[in-house]
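Notes follow once the structure below has been shown.
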Amino acid sequence: MRTNFRIAAAATTTLVAALALTACGGGGSGDTKAGDRPAASSVATPAADDAQAPSANDSAGSTAGDSKASGSGTGTSTGTGTGTGTGSSGSGSGKHAAAPARTDSKPAKKPSSGGGVVDTPCTGANVKLTATPVTRPINHILLTVTNTGKTLCNAYNAPSISFSKDAQSPIQIDRDTIPQAVVTLSPGASAYAMVRTLGEDDGSKAYDADHVTVYFHGRSGNESTGPSAYAALSKHVAVVDSQARATYWQSDLSTIDSW
């Protein structure tokens, strides 16, 4: 009787232990599923760089991974890969615009206009002087200066003229012949001035001249500048200094050919 009681007690104890193990096994299975969800959610969070929030498809992939008992790693990999790939593609197309084509060609230089303000006076150093007696009008000499230099020069104002080495009165200048602009000569170009040697007879004694010396002026017109120029006359001319007059330098001979 005592032996049967012990056997019954042992059986009861075994049954209780089996039930306890069954209960523990059921609780462990529930804990495993609960632990899978936070792990999958944590991995699906985008990286701090340029990844964007996962889409609905990403969440579905993560959930599908959770539903598998051994799919924690697989589900996480699929969700994260899809979400990160989509974010990187969007970031790449938005931030990295196509770089403009590089060119090594330099801008073309503008051609030079030849030189700014001309302030070099024409003098005996850069011009050649010729003096030609003309038949009409009578008692007139045409002065021509030609630029023999390599740069521009200005024929300022009017020529100062001397027909002899002896002291003489300054030759008057006709102010009605002032040009509209300073006469600038390029290399090879010429300027002209007309000189009257005699006027109406007033009893003054004339002298013969066989050459002419021209002195040049600077911008102000008051000073003499540079070397003078000398030219021999093809024939003697009669000169009365008090009656002699000259024009300003001109770029166009026709403006003074009948002066």
Side-chain angles (χ1 to χ4, degrees), residues 109-164 168-200 202 204 209 211-235 237-259:
K109 293 183 178 180
K110 295 182 179 180
S112 173
S113 60
V117 177
V118 178
D119 197 29
T120 302
C122 297
T123 69
N126 53 19
V127 300
K128 178 183 179 181
L129 172 67
T130 60
T132 307
V134 296
T135 56
R136 291 181 181 276
I138 61 172
N139 302 322
H140 281 66
I141 296 173
L142 174 64
L143 301 180
T144 304
V145 289
T146 303
N147 185 355
T148 58
K150 296 181 179 180
T151 59
L152 303 176
C153 71
N154 289 336
Y156 288 114
N157 298 289
S160 291
I161 303 166
S162 173
F163 288 104
S164 123
Q168 60 185 29
S169 302
I171 293 178
Q172 298 179 15
I173 303 300
D174 184 359
R175 297 189 63 83
D176 290 339
T177 62
I178 297 176
Q180 295 182 352
V182 174
V183 177
T184 300
L185 301 182
S186 58
S190 299
Y192 311 93
M194 194 72 78
V195 181
R196 186 183 73 183
T197 61
L198 284 176
E200 294 181 1
D202 60 359
S204 299
H211 70 276
V212 61
T213 302
V214 172
Y215 301 90
F216 299 90
H217 297 284
R219 178 182 291 274
S220 69
N222 298 321
E223 78 286 7
S224 178
T225 183
S228 60
Y230 172 92
L233 296 170
S234 59
K235 65 178 182 178
V237 297
V239 179
V240 174
D241 291 335
S242 61
Q243 297 175 3
R245 300 182 70 186
T247 69
Y248 280 75
W249 291 114
Q250 309 290 327
S251 59
D252 184 359
L253 177 58
S254 65
T255 60
I256 57 172
D257 60 357
S258 60
W259 175 77

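Model, not experiment: these values are computed from the prediction.
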How long is the gap from OH on Tyr156 to CG on Asn222, to the nearest 0.5 Å?
13.5 Å
Roughly how far, to the nearest 0.5 Å, is CD1 of Ile173 from OG of Ser160?
6.5 Å
Looking only at heavy atoms, what is the nearest atom pair of Leu233 and Ala131, with distance?
CD2-CB, 3.6 Å
Between the side chain of Asp174 and the main-chain N/O of Asp176, is any donor-acceptor distance below 3.5 Å?
yes
Within a strict 4.5 Å, meaning less than it, do heavy atoms of the Tyr248 and Val183 side chains meet?
no
Find out whether Ile161 and Leu143 are in side-chain contact, i.e. whether some heavy atom of one side chain is under 4.5 Å from a heavy atom of the other.
yes
Keeping Asn126 on the side-chain end and Pro121 on the backbone end, is there a donor-acceptor pair under 3.5 Å?
yes
Identify, with sequence neighbours excluded, every residue that meets ring pair (Phe, Tyr, Trp, His ring centres under 6.0 Å) alongside His140.
Trp259
Using the test ring pair (Phe, Tyr, Trp, His ring centres under 6.0 Å), find all partners of Tyr230 that sit at least two apart in sequence or belong to another chain.
His211
Only distances under 3.5 Å count here; give the side-chain donor-acceptor pairs of residues 192-199 to other protein atoms, sequence neighbours excluded, each with its distance to 0.1 Å.
from	atom 1	to	atom 2	distance (Å)
Arg196	NE	Gln243	O	3.4
Arg196	NH2	Gln243	O	3.0
Thr197	OG1	Asn139	O	3.2
Thr197	OG1	Ala238	O	3.0

Under the side chain to side chain contact (heavy atoms under 4.5 Å, CB included) rule, what do Thr247 and Thr255 come out as? Steps first, then yes or no, please.
CA-CA 10 Å; Thr247 69; Thr255 60; over 6 Å; no
Which distance, rounded to the nearest 0.5 Å, do you find between the OG1 of Thr123 and the CG of Leu129?
12.0 Å
Give me the atom names and distance for the closest heavy-atom approach of Ala191 to Ala155.
CB-CB, 4.2 Å
To the nearest 0.5 Å, what is the distance between CG on Asn147 and CG on Leu152?
7.5 Å
For Ser220 and Asn157, work out which heavy atoms get closest and say how close.
C-ND2, 4.2 Å
Find out whether Pro133 and Ser234 are in side-chain contact, i.e. whether some heavy atom of one side chain is under 4.5 Å from a heavy atom of the other.
yes
Heavy-atom closest contact (Trp249 atom, Ala158 atom, distance):
NE1-C, 3.9 Å
Do Cys122 and Leu185 have side chains that approach each other closer than 4.5 Å (heavy atoms only, starting at C-beta)?
yes
Check: Arg219 main-chain N/O paired with Asn154 side-chain donor or acceptor under 3.5 Å
no
Heavy-atom closest contact (Glu223 atom, Gly218 atom, distance)
OE2-CA, 3.0 Å
Check step by step if side chain to side chain contact (heavy atoms under 4.5 Å, CB included) holds for Val145 and Phe216.
CA-CA 11 Å; Val145 289; Phe216 299 90; 4.1 Å; yes
How many angstroms lie between atom CG of Leu253 and atom OG of Ser190, to the nearest 0.5 angstrom?
10.0 Å
Nearest-0.5 Å distance, OG of residue Ser242 to CD of residue Gln172
8.5 Å
Any donor and acceptor pair, going by atom type alone, linking the side chain of Thr144 with main-chain N or O of Thr130 inside 3.5 Å?
no
Any non-hydrogen side-chain atom of Val212 less than 4.5 Å from a side-chain atom of Ile141?
no
